[in-house]
Every structure is written in structure tokens, then in C-alpha cells.
Amino acid sequence: MGYEAIIGHARPKKLLNSMLENDRLPHALLFSGPPGVGKFTLAMRLAKDLFCERSSACDHCRSCQNVERRNHPDLRIIESETSIGIEDLRNLQKEIYQAPYEQKRRIIIFDGAEKMTRDAANALLKTLEEPPIYNLFVLVTSNEREIPLTIKSRCVRVGFGPLSRNDIRSYFLNLKHLDEKKADLTAALSYGSISVGLFWLDEAHLLIRQKLAEAILGKTKSYVLITLLAERIAKNGTEMLVYLHFLLSLLQDLWLLHHSSGFAAIRNTDLVDLLRGKRYDPEWIVLSMNKVQETIRAVRYNIGRWLAAEHMLISIVR
Ligand SMILES: [Zn+2]
């Protein structure tokens with residue numbers, strides 16, 4: 001089967017392969033796992049696999065190309081930045097009771113299934129209770145807790161874990177053609193997520209990272225700069241979490257450098273000179289880590305991001 005191009009995730013791939021080989025695909029799958037690890041990519045691969053005109057997911061035939069362009073008549077992708085509402089489901093329901101156009105099956109991928117409103121979820125539940133046989137639903141989510149239990153119980157769950165540092169490294173080496181040094185650093189900063197790795201390829205994000213490191217390590221005490229940094233990192237909740245995890249990694253690196261012999265485990269290898277600058281008080285490192293953790297929780301609970309960021313930076317920099 002054509003899953004070789006997808007890095008990592010041996011277990012989900014094995015599970016899907018065995019379902020396909022035995023022709024035992026359920027009518028609904030739940031792809032659940034951390035963001036940015038390739039769940040949607042694997043769902044699209046599954047669509048290619050089922051629709052391919054040659055062998056499995058050849059990437060070149062008309063069907064594979066149409067899936068790639070999201071333009072296959074038997075593929076529906078339901079997604080939204082904000083929420084998936086009842087209208088989306090009504091439009092879908094008109095279609096799913098008709099036979100597919102070209103294939104034996106129609107595939108309906110919900111990307112970000114946790115964004116369904118309650119009405120939409122109820123409508124989907126009704127569909128899943130009496131599913132028209134030729135439809136395969138794939139619910140993709142990085143927030144499984146938000147999916148109603150009644151829906152989950154009608155899906156076969158395929159669990160995804162974070163990718164290993166090695167998997168991510170080889171992704172950036174082989175598919176993004178980074179040099180070894182850059183691939184190592186990107187993998188170390190990615191925390192098991194390709195999207196986080198891609199985030200760190202952006203020079204603008206790297207510049208903010210540098211400024212954050214300098215502020216945290218006391219190279220600058222300018223409160224104007226700290227306020228600006230707080231505003232910048234708090235712009236977007238997802239990005240803020242990435243920056244906060246970077247700060248955690250920086251503090252962990254400080255600890256490793258000054259209070260243990262774990263040099264090999266250091267993530268921010270490009271910032272080692274900055275980290276070595278002076279000896280940092282272990283108590284301050286621990287307090288700062290707690291502060292960052294606290295801010296991560298605040299962001300997850302949607303508490304005023306900008307204020308939380310500013311408060312955190314000021315209390316760490318002091
Ligand atoms: Zn093909």
C-alpha cells in the first residue's frame with residue numbers, strides 16, 4: 001500500500017493496511033492525535049489508496065491527482081477555521097444518500113471534527129446511526145475530548161502519537177532538503193510535530209525566538225521590547241503555545257548546561273553561546289519554568305493571552 005511516503009506512524013499505517021487488505025473498512029474512522037503530525041495527510045493518502053486507477057496511491061493517475069487537488073467527485077472535505085455548522089451537514093446529507101459518482105465509496109473527511117457545533121454533531125450522529133453503505137467518514141481531530149462520546153462510539157479509533165525526533169529530522173532532510181545542521185535544529189524544536197517544525201523555518205519566527213531568548217537570559221531589560229514581544233507572541237493562540245514551548249526548552253537547556261552533564265540532550269544548539277553567558281540560579285530556572293507552564297495552561301483555557309504573556313515575561317526577566 002502507498003503509505004511509504006508518510007513518515008512515522010507505523011501502527012496507524014499497519015491498522016489501515018490490514019483493513020484495506022481484508023476489505024474490512026468500517027463506515028467511520030476517528031483519526032486522533034496531536035496537531036501537525038500528519039493525520040489529515042494520512043486521511044488523504046487513504047482516499048488516494050481507495051480511488052487510485054493503477055496500484056495503490058500512485059500519485060500520478062487522474063484519480064490520485066484529483067484527490068491531491070481536492071477535486072475528486074467522491075471526496076468531500078469538511079473543514080473550517082472557526083466552526084463546522086448545521087448548514088455544512090445539511091449540504092452533506094443531500095449528497096450522501098446518493099451513490100458515489102465514480103468509485104465504490106465516497107470519502108468524507110472532517111478536518112478538525114472537534115469544531116462541529118452541537119447541532120452539526122447531532123446531525124452527524126443521526127447519519128452515523130444509519131450510515132448509507134457506500135460512505136466512509138474520516139473524523140480527524142487533535143482534540144478528541146471535544147467529540148461527543150455518542151459519535152466516538154460509532155467510529156473505529158486510529159490513534160496517532162507525536163513523531164520521533166528522527167522521523168522529523170528525516171522529513172526535513174529528505175522532503176524539505178534542509179542541510180543536516182538545520183534539520184537537526186528544526187527536529188529538536190518541533191516537539192514531534194511537522195507543523196511546528198515548518199513554523200520554525202520562517203525567518204520572522206526565528207527572529208522572535210532570538211529576541212525572546214535574549215530577553216529571558218537578561219541580555220535586554222527594555223520593558224518596551226518586552227511589551228512588544230508579549231504582544232507579538234500573543235497574537236495567535238496556537239503560535240503562542242509554540243513560543244511558550246520554546247521558552248520551556250530554553251530553560252531546560254539552561255538547566256542541562258549549568259546543573260547537569262546532559263549536553264547531548266540540548267535542543268537549542270544554535271543558542272549555546274548565549275546560554276553559556278553566565279551562571280543562572282537554579283531556583284530562578286525552576287520558578288521560570290513554572291511560570292511558563294502556568295502561562296501554557298492560561299492559553300489553553302483562553303485566558304487573556306497578551307496580559308498573560310506580558311506578566312510572564314516581566315516576572316521572569318525581573
Ligand atoms: Zn493513482
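Each ligand, and each atom within it, is numbered from 1 in the order the structure gives. When a residue number appears, it is its place in the shown sequence, counting from 1.
- Only protein N, O or S atoms were considered, and those under 2.8 Å from the Zn ion (ligand 1) are Cys52 SG, Cys58 SG, Cys61 SG, Cys64 SG.
- Under the 6.0 Å cut-off for aromatic ring centres, Tyr243 and Trp200 qualify, their centroids lying closer than that.
- Both Ile77 and Leu46 are members of a single hydrophobic cluster when ILVMFWY side chains are connected at heavy-atom separations under 4.5 Å.
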Under 3.5 Å, which donor-acceptor pairs do the side chains of residues 203-216 form with other protein atoms, sequence neighbours left out?
unit_1 : atom_1 : unit_2 : atom_2 : d
His205 : ND1    : Phe199 : O      : 2.8
Arg209 : NH1    : Asp270 : OD2    : 2.9
Arg209 : NH2    : Asn268 : OD1    : 2.9
Arg209 : NH2    : Asp270 : OD1    : 2.8
Arg209 : NH2    : Asp270 : OD2    : 3.4
Gln210 : NE2    : Glu214 : OE2    : 3.0

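- Looking at Asp59 and Arg45, a side-chain N of the basic residue comes within less than 4.0 Å of a carboxylate O on the acidic one, giving a salt bridge.
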Salt bridge (charged side-chain N to carboxylate O under 4.0 Å, His left out) between Arg90 and Glu87, worked out: CA-CA 5 Å; Arg90 283 199 185 118; Glu87 271 310 304; 3.3 Å; yes
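- Considering only heavy atoms from C-beta on, Pro12 comes within 4.5 Å of Leu42 through its side chain.
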